[in-house]
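The residues of the chain are indexed from 1 along the displayed sequence. These numbers come from the heavy atoms of this one structure, side chains and all, not from hydrogens, waters or symmetry mates.
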Amino acid sequence: MSKTYLFSPIGNTDPIKYFYDGSMLHICRYYKPDVVILYLSHEMILHHEKDNRYVRSIELLGEKLGHTFEVRIIRDEQMVDVQQYDLFYHAFRGIIADIEEEMMPEDTLIVNMASGTPAMKSALLVMATLAEYRFLPIQVSTPKRRSNLEHEEREDYDVETNWELDEDNQPEAEKRCEEVRCMHLVQLLKMDMIKKHLQSYDYHAALQVGREIQRELGKEDYDWLEAADARAVLDWERMNRFLPKNNGVLWPVKAENQNRVLLEYTLSLDLKVKRGEYADFIRAITPLGVDLLERVIKQYCNIHIEDYYSSRDSQKWSRGKLANSEVLEILNRKFNDGFRYGPIYSYQLNIIVQAKCSDALMAQRVQELVNVEQKVRNLAAHSIVSATPEWVKERTGKSVDEIMWLIRYICEKVGIADSQESWRSYDRMNKKIIERLDKTQL
């Protein structure tokens, strides 16, 4: 069962003053916390030791409400100079951290922002604004809705008499508590970090920051971060699980939809370029190259190249299926000592494209892409290299953008991408997420 904790500094208006609840007692009256943690400076400790006024008043309230309060006292004997903000900030930060460590995820911590000295209140306000710890700040208005200017003798305090004369015990008494909505600075900064990570296409970093403020984000906002991270690493099961339904921007990916799978893989290559991951980009061209050339051969050469594989799921040549075929004849012409079968490579498929392609421009584009792959693939895969745009240009004769353009060109021609709009898919997704985050109230 969840519990409510109250942390309250104690000031001169506690527990009862001018015949009304002080802030601490008033919060206890309306929020009925299970655990009340009172912070006493040196002066307040003297009052406590003299007549037990704080604890006894809470006990009397508990009897009236039929509620049991567990009261804990934090005695700060050394706290004499109660106007030093920085001392309270560090003290309260440690206390609230200890309370949070004790709490279960479903528990609630409320904090009295109205009791104590101005330095105490300022320290708590800064903590509420930074939002490093999760608590609900409560302000309590004075009965007259203005500052307490009158003087009341506090040395000769009679707990029972003050309780009996407390106007807040009357049925028609007004609730003066107000939940303070602070500008949560740390959360705002983290929200800004998420947006910047999205704009840099770093979805894993965006998700990591999102997890830190998951409770403050709406469920759909957080689900978008999970879906975007999963999408970027081609984890369709996780992406589909988190992807908000009917979002108007992105649809689930099904493994049997090979065109969609290849489009997403190609978009992931584009991400690597945008993030400056050029070595990974070069290495990732190879598996895509085979799939692209299979489609070129089918569409422009009128050959179902998969008919010559060992099986539909295996990208290995079948000696038996190739025997006496035109495809084997084309391959054998290119190899002086005969075609050696084995795994299927893009440069082998390119031989067929160059021999049979009905579109000279398509054959040229395929040749350019295969040349790029052959020139840098082994270097990027097996050597420790700094794969910069200059490195790629020097070895291939083409810039990274030109290589990506070749891939896009072939994708569009074989029906993997249906328009230029397909290549803006991640930008549309980012825009959708950022628009949602901009509407989030922290």
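Comment: D280 engages R283 in a salt bridge, judged by a side-chain N to carboxylate O separation of less than 4.0 angstrom. Between R241 and D223 there is no salt bridge, since no side-chain N of the basic residue sits under 4.0 Å from a carboxylate O of the acidic one. Ion pairing between a basic and an acidic side chain is recognised when a charged N comes within 4.0 Å of a carboxylate O; R56 and E160 show such pairing. Taking a cutoff of 4.0 Å between a charged side-chain nitrogen and a carboxylate oxygen, R436 and D221 qualify as a salt bridge. Between K245 and E220 there is no salt bridge, since no side-chain nitrogen of the basic residue lies less than 4.0 Å from a carboxylate oxygen of the acidic one. Ion pair E435/R428 not flagged as a salt bridge, since none of the NZ, NE, NH1 or NH2 atoms sits closer than 4.0 Å to an Asp/Glu carboxylate oxygen.
For the pair R275 and Y201, the NZ or CZ position fails the cation-pi test of under 6.0 Å to the six-membered ring centre and within 45 degrees of the ring normal. In this structure, K121 forms no cation-pi arrangement with F92, as its terminal cationic atom is not both closer than 6.0 Å to the ring centre and no more than 45° off the ring axis. For the pair R231 and Y426, the cation sits on the ring face: its NZ or CZ lies under 6.0 Å from the ring centre, inside 45° of the axis.
Using bins of under 30°, 30° to 60° and over 60° for the plane-to-plane angle, the ring pair H48/Y54 lands in the parallel bin.
Between R176 and D21 there is a side-chain heavy-atom pair separated by less than 4.5 Å. H26 places a side-chain heavy atom less than 4.5 Å from the side chain of C177.
Partners of W251 according to the side chain to side chain contact (heavy atoms under 4.5 Å, CB included) rule, which considers only residues two or more places apart in sequence or in another chain, are R260.
We find the CZ-CD1 distance between F7 and I74 to be 5.5 Å, quoted to the nearest 0.5 Å.
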